[in-house]
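None of the values given here were measured: they were computed from a predicted structure.
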Amino acid sequence: YYCKVTSTYDATGVNSNTVSLSIIAPDVSIVTNNGDYNQGQIIYNNGNYFDLDAILSQGTNVSYLWYKNSVSTGVTTAKYTLQMSNTVHASYYVVATNNGGSDTSNTISVYMNPLITANPSSITINVGQTATFSVSAQGSSLTYQWYDSNGIIGGATGSSYTTPSTTSAYNQRGYYCVVGSSISGTTPATSTTATLTVEYAPTIGSVNVDGTTATSNLQIFNVSNGDSYTLNAVNVDDGQPNATSRGWYKWNGSSYGTLISSNDSVSTYQNDDSTEYYRYIISNTKGTAQSYE
């Protein structure tokens with residue numbers, strides 16, 4: 001630009017010096033609504049609202065266009081309001097443009113804390129079978145670690161975990177998963193605990209007469225006429241579900257059909273120099289265990 005000065009006496013006039021006017025290109029950067037980012041990243045829980053704000057250090061009459069993972073979002077406002085979800089965690093930047101040029105902002109990575117969307121379910125199986133527990137989660141760069149009632153399970157680092165072939169010791173064991181993230185600063189989420197029910201038949205450890213353990217079937221125990229003696233069942237496991245019947249039975253000539261006591265221990269006596277046969281029997285819906293007779 002310059003100015004030409006003329007007069008009625010001098011139509012030729014005089015030109016001023018020339019100055020140049022240029023439109024300053026924008027210089028843009030991103031901040032969040034609370035300035036809560038660290039080294040280019042922010043972390044929110046699912047459902048949280050947050051703002052990404054385009055801030056100009058220079059430039060006027062600017063238009064904006066936001067990008068998510070280098071793909072245009074179509075958002076053209078200086079403030080970009082988002083609600084955290086599994087589809088929102090990504091890298092964002094904005095391009096500011098005016099007649100003087102354009103500028104691309106810094107990039108901010110938005111991460112979501114792990115969110116468990118489906119907890120493991122309790123399972124009932126028969127002894128010897130395996131059980132598989134699963135968890136579903138959303139978040140950024142998820143990691144998984146399973147635990148049971150005994151603590152951390154080595155190598156159980158997937159979204160599901162399958163037990164070994166089960167024994168009665170697995171009955172009522174609890175299982176849960178801690179879902180974390182490889183992104184520093186995120187907060188892990190812990191699932192609810194699922195219970196493993198292992199169904200199995202009852203078992204009998206041993207039986208004894210007055211403390212002497214029976215080691216074979218039809219083992220003889222001599223008791224004088226008129227003396228009392230005690231029958232004991234030791235280390236009896238009710239099984240799962242619990243036993244529906246249990247106790248000491250006496251041979252009635254055709255079967256062990258005479259229940260003399262539903263307790264594990266019973267005292268009786270010899271009164272007629274006869275030979276008596278006894279057996280401890282315990283049953284549940286999964287089977288029956290019988291002692292030596």
Visitor: With side-chain hydrogen bond (donor to acceptor under 3.5 Å, both in side chains) as the test, would you mind laying out the steps for Ser265 and Asn232 before giving the verdict?
Guide: CA-CA 4 Å; Ser265 179; Asn232 296 292; 2.7 Å; yes
Visitor: May I ask whether Met112 and Val178 are part of the same hydrophobic cluster, defined by side-chain heavy atoms of I, L, V, M, F, W, Y residues being less than 4.5 angstrom apart, directly or through others?
Guide: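 As far as the 4.5 Å side-chain criterion goes, Val178 and Met112 are not connected within one cluster.
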Visitor: Quick one: pull up CG in Asn45 and CG in Leu115 and give me the separation to the nearest 0.5 Å.
Guide: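 Those atoms lie 8.5 Å apart.
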Visitor: Among the clusters formed by ILVMFWY side chains lying less than 4.5 Å apart, do Val88 and Ile42 turn up in the same one?
Guide: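 Yes, it is one cluster - the side chains of Val88 and Ile42 are joined through contacts under 4.5 Å.
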Visitor: About how many Å separate CG of Asp264 and OH of Tyr280, when rounded to the nearest 0.5 Å?
Guide: 3.5 Å
Visitor: Answer with yes or no whether the side chains of Thr230 and Ser267 bring together a donor and an acceptor at under 3.5 Å.
Guide: yes
Visitor: Can you find a pair of side-chain heavy atoms, one from Ile260 and one from Leu231, that are under 4.5 Å apart?
Guide: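 In short, these two side chains touch, coming nearer than 4.5 Å.
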Visitor: Any non-hydrogen side-chain atom of Tyr278 less than 4.5 Å from a side-chain atom of Thr268?
Guide: yes
Visitor: Out of Gln129, Gln240, Lys286, which one pairs with Glu199 under the side chain to side chain donor-acceptor pair (under 3.5 Å) rule?
Guide: Lys286
Visitor: What donor-acceptor contacts under 3.5 angstrom involve side-chain atoms of residues 249-259, with partners at least two apart or in another chain?
Guide:
{"from": "Lys250", "atom 1": "NZ", "to": "Glu276", "atom 2": "OE1", "distance (Å)": "3.4"}
{"from": "Asn252", "atom 1": "OD1", "to": "Ser254", "atom 2": "N", "distance (Å)": "3.0"}
{"from": "Asn252", "atom 1": "OD1", "to": "Ser254", "atom 2": "OG", "distance (Å)": "3.2"}
{"from": "Asn252", "atom 1": "OD1", "to": "Ser255", "atom 2": "N", "distance (Å)": "2.9"}
{"from": "Tyr256", "atom 1": "OH", "to": "Glu293", "atom 2": "OE1", "distance (Å)": "2.0"}

Visitor: Nearest 0.5 Å, please: how far is CD1 in Ile125 from OG1 in Thr197?
Guide: 9.0 Å
Visitor: Rounded to the nearest 0.5 Å, what's the gap from CG on Asn48 to CG on Leu82? Could you check?
Guide: 12.0 Å
Visitor: Provide the closest heavy-atom pair for Ala54 versus Tyr64 in the form atom of the first, atom of the second, distance.
Guide: CB-CE2, 3.7 Å
Visitor: Below 4.5 Å, heavy atoms only, C-beta onward: do Pro164 and Thr130 meet side chain to side chain?
Guide: no
Visitor: Look at atom CZ of Phe221 and say whether more than 12 heavy atoms of other residues, nucleotides or ligands are closer to it than 6.0 Å.
Guide: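 For Phe221, atom CZ is crowded (more than 12 foreign heavy atoms under 6.0 Å).
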Visitor: Would you please test Val19 and Asn17 for side chain to side chain contact (heavy atoms under 4.5 Å, CB included) and show each step?
Guide: CA-CA 7 Å; Val19 296; Asn17 61 305; 4.1 Å; yes
Visitor: OG1/Thr81 to CG/Asp53 distance, rounded to the nearest 0.5 angstrom?
Guide: 7.5 Å
Visitor: Can you confirm whether more than 12 heavy atoms, excluding those of Ile24, are under 6.0 Å from its CD1 atom?
Guide: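 Count not over threshold, so no.
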Visitor: List the atom of Asn98, the atom of Pro26, and the distance in Å for their closest heavy-atom pair.
Guide: OD1-CD, 3.2 Å
Visitor: Could you verify whether a donor N or O on one side chain and an acceptor N or O on the other, from Asp148 and Tyr161, lie under 3.5 Å apart?
Guide: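 The answer is no; no qualifying pair exists.
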Visitor: Are more than 12 heavy atoms, taken from residues, nucleotides or ligands other than Asn61, located less than 6.0 Å from that residue's CG atom?
Guide: no
Visitor: Using the side chain to side chain contact (heavy atoms under 4.5 Å, CB included) rule, take Asn171 and Leu196 through it: C-alpha gap first, then chi angles, then the decisive distance, then the call.
Guide: CA-CA 6 Å; Asn171 185 43; Leu196 176 60; over 6 Å; no
Visitor: Passes side chain to side chain contact (heavy atoms under 4.5 Å, CB included), Val75 versus Lys68? Steps please.
Guide: CA-CA 10 Å; Val75 176; Lys68 172 186 175 183; over 6 Å; no
Visitor: Check the orientation of Phe133 and Tyr175. Use parallel for under 30°, tilted for 30 to 60°, and perpendicular for over 60°.
Guide: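 Correct class here is parallel.
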Visitor: Where the side chain of Ser136 meets the backbone of Ala118, is there a donor-acceptor pair that is under 3.5 Å apart?
Guide: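 Such a contact is absent between Ser136 side chain and Ala118 backbone.
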Visitor: Would you give the length of the straight line joining atom CD1 of Ile108 to atom OH of Tyr92, rounded to the nearest 0.5 angstrom?
Guide: 11.5 Å
Visitor: Answer yes or no: is there a side-chain heavy-atom contact under 4.5 Å between Asn86 and Asn46?
Guide: no
Visitor: Please identify each residue that fulfils ring-ring contact (aromatic ring centres under 6.0 Å, His included) with Tyr93, with sequence neighbours left out.
Guide: Tyr67
Visitor: Please check if the number of heavy atoms outside Asn99 that lie under 6.0 Å from its CG is greater than 12.
Guide: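 Check fails, neighbour count at 12 or below.
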Visitor: Other hydrophobic cluster members with Val14, side-chain heavy atoms of Ile/Leu/Val/Met/Phe/Trp/Tyr under 4.5 Å, chained?
Guide: none
Visitor: With a 4.5 Å limit on heavy-atom distance, are the side chains of Thr166 and Tyr200 in contact?
Guide: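 No; the side chains remain at least 4.5 Å from each other.
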Visitor: Quick one: closest heavy-atom pair of Asp210 and Ser228, and the distance?
Guide: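 Looks like OD2-O, 4.2 Å.
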Visitor: Is there a side-chain contact between Asp238 and Ile282 in this structure, where contact means two heavy atoms from C-beta onward sitting under 4.5 Å apart?
Guide: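 In short, these two side chains touch, coming nearer than 4.5 Å.
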Visitor: With no hydrogens and no angle check, do the side chains of Ser109 and Ser91 hold a donor and an acceptor under 3.5 Å apart?
Guide: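 Yes, because at least one side-chain N or O of Ser109 sits under 3.5 Å from a partner of the opposite role on Ser91.
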Visitor: Same cluster or not: Val223 versus Val266, using hydrophobic residues (I, L, V, M, F, W, Y) connected whenever any side-chain heavy atoms lie under 4.5 Å apart?
Guide: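 Yes; Val266 is reachable from Val223 via cluster members.
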Visitor: Taking side chain as C-beta onward, heavy atoms only, is Asn217 less than 4.5 Å from Arg279?
Guide: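 Counting from C-beta outward, Asn217 and Arg279 do come under 4.5 Å.
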Visitor: Please examine the side chains of Trp66 and Ile30, heavy atoms only from C-beta on, and report whether any two atoms are closer than 4.5 Å.
Guide: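 Ile30 reaches Trp66 side chain to side chain.
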Visitor: Group every Ile, Leu, Val, Met, Phe, Trp and Tyr by side-chain heavy-atom contacts under 4.5 Å, then state whether Ile123 and Tyr176 land in the same group.
Guide: no
Visitor: Counting heavy atoms not belonging to Leu218, are there more than 12 under 6.0 Å from its CG?
Guide: yes
Visitor: Hydrophobic cluster membership, with links at side-chain heavy-atom distances under 4.5 Å among I/L/V/M/F/W/Y: are Ile183 and Leu142 in one?
Guide: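 No, Ile183 and Leu142 fall in different hydrophobic clusters.
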